[in-house]
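Nothing here was measured: the structure is a model prediction, and the numbers come from that model. What's counted below: heavy atoms across the whole structure, side chains too, no hydrogens, waters or symmetry copies.
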Amino acid sequence: MASFKKEYIDAKDPYQLIFVDIDDNTGDDDTHVALDFSYRGETFHSEADGNGPIDAVKIAIKQCVPEMEFSVQDYSEHSLGVGSHAKAAAYIEMEDPRTGNHTFGVGISSNITRASIRGIFSAMNRLVKLSQEYV
C-alpha cells in the first residue's frame, strides 16, 4: 500500500492541485470549474466550462500550460467503504497523443468529483514522468 500511495496518491510534481470549485448549476449542460494549481513551482488560476468536471478541468489546465496534451481514455470509480461517509477512489486512464504513452492516475476523496480531479493530476504527473524516461 505504501508503494501504491507513493506512486499514485502522493505524487505532486510537477503538477499539484491546490483548489477547485465546481459549479454544475450553470443552467445548461456545461460545468464551470475554477481551478488553482501549481506547475513546476508556479501557481495558476484558471476558469473554464466543459461538458463535465473532467472536461472543464482539462480545458482550464490547457489555458495555463498549453504544452500539456492529454486525452482521457477511460474512467472508473468506486467506494472505499460502506455508508454515506465512505471515501471514493477514481481511476483515470490517460494518453499523451504526441507520444502515445498511456498511464493511469488515482484520486481519493470523500467527494467523488474531487477524487476524479485528483486522479487527473495523478495521471498528468505520471505522463510527465513517462515522457522524461523516454527522452
Side-chain angles (χ1 to χ4, degrees):
M1 185 61 184
S3 295
F4 178 84
K5 189 175 178 193
K6 179 182 176 187
E7 186 68 28
Y8 290 95
I9 307 301
D10 294 340
K12 308 259 191 273
D13 184 51
Y15 290 94
Q16 182 174 1
L17 175 64
I18 298 169
F19 172 81
V20 64
D21 183 47
I22 302 135
D23 181 5
D24 278 328
N25 299 314
T26 60
D28 54 24
D29 288 338
D30 283 346
T31 299
H32 181 81
V33 168
L35 181 68
D36 293 338
F37 68 98
S38 66
Y39 173 64
R40 301 196 189 281
E42 185 177 350
T43 301
F44 296 93
H45 174 81
S46 185
E47 297 190 25
D49 295 324
N51 66 4
I54 292 173
D55 186 49
V57 166
K58 178 181 176 182
I59 293 166
I61 292 166
K62 186 92 169 133
Q63 289 172 356
C64 299
V65 187
E67 64 270 19
M68 186 59 194
E69 291 282 340
F70 67 86
S71 63
V72 175
Q73 299 297 304
D74 195 19
Y75 168 85
S76 63
E77 61 189 45
H78 67 84
S79 174
L80 293 175
V82 178
S84 61
H85 290 87
K87 288 191 174 186
Y91 306 92
I92 307 274
E93 180 184 5
M94 204 177 271
E95 177 188 23
D96 180 339
R98 298 165 300 181
T99 63
N101 289 335
H102 281 257
T103 195
F104 289 85
V106 179
I108 296 175
S109 176
S110 57
N111 177 302
I112 191 60
T113 304
R114 191 167 288 111
S116 302
I117 294 166
R118 288 179 179 166
I120 291 170
F121 277 80
S122 170
M124 287 191 313
N125 286 328
R126 293 176 48 78
L127 274 181
V128 169
K129 185 177 174 182
L130 273 174
S131 67
Q132 291 170 347
E133 289 175 1
Y134 293 106
V135 172

Test side chain to side chain contact (heavy atoms under 4.5 Å, CB included) on V72 and I54; report intermediate values, then the result.
CA-CA 9 Å; V72 175; I54 292 173; 3.9 Å; yes
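A pairwise comparison of heavy atoms in A48 and A60 identifies CB-N, 3.6 Å as the closest pair. Minimum interatomic distance between A88 and A115 (heavy atoms only, all atoms of both residues): O-CB, 3.8 Å.
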Name each donor-acceptor pair under 3.5 Å that joins a side chain in residues 10-19 to protein atoms two or more places apart or in another chain, with its distance.
| from | atom 1 | to | atom 2 | distance (Å) |
| --- | --- | --- | --- | --- |
| K12 | NZ | I9 | O | 3.1 |

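Within the structure, the ring-ring contact (aromatic ring centres under 6.0 Å, His included) test picks out the following pairs touching residues 59-95 (sequence neighbours left out): H78-Y91. Pairs of residues two or more places apart, or lying in two chains, that qualify as salt bridge (charged side-chain N to carboxylate O under 4.0 Å, His left out) and include a residue from residues 51-69 are K62-E69. The list of side chain to side chain donor-acceptor pair (under 3.5 Å) pairs with a residue in residues 117-126, not counting sequence neighbours, reads E7-R126, Y8-R126, T103-R126. Sequence neighbours left out, the pairs with a member in residues 89-110 that pass salt bridge (charged side-chain N to carboxylate O under 4.0 Å, His left out) are D96-R98.
Residues V128 and F44 fall within the same hydrophobic cluster, defined by Ile, Leu, Val, Met, Phe, Trp and Tyr side chains chained together at heavy-atom separations under 4.5 Å. If you chain together hydrophobic residues whose side chains sit under 4.5 Å apart, I120 and I112 fall into the same group. Residues I108 and M124 do not share a hydrophobic cluster, defined by chaining ILVMFWY side chains whose heavy atoms lie under 4.5 Å apart.
Looking only at side-chain heavy atoms (C-beta outward), V106 and F4 come within less than 4.5 Å of each other. Side-chain contact check for I22 versus R114: every heavy-atom pair is 4.5 Å or farther apart.
Rounding to the nearest 0.5 angstrom, the gap separating the CD atom in Q73 from the CE atom in M94 is 9.5 Å. Of the inter-residue distances, the one linking L127 atom CG with H102 atom NE2 reads 9.5 Å to the nearest 0.5 angstrom. Distance CD1/I61 to CG/L35: 5.5 Å, rounded to 0.5 Å. We find the CZ-OG distance between F104 and S76 to be 8.5 Å, quoted to the nearest 0.5 Å.
For T99, the side chain to side chain donor-acceptor pair (under 3.5 Å) partners at least two apart in sequence or on another chain are N101. For the side-chain contact (heavy atoms from CB on, under 4.5 Å) test, residues two or more places apart in sequence or in another chain that qualify with A34 are D21, H45, E47. With sequence neighbours excluded, no residue satisfies side chain to side chain donor-acceptor pair (under 3.5 Å) with T113. Applying the side-chain contact (heavy atoms from CB on, under 4.5 Å) test to A56 and every residue at least two apart in sequence or in another chain returns V33. Not counting sequence neighbours, N111 has no partner by the side chain to side chain donor-acceptor pair (under 3.5 Å) test. With sequence neighbours excluded, no residue forms a salt bridge (Lys or Arg N to Asp or Glu O under 4.0 Å) with K87.
The hydrophobic side chain of I59 is isolated, with no ILVMFWY side chain under 4.5 Å apart from it.
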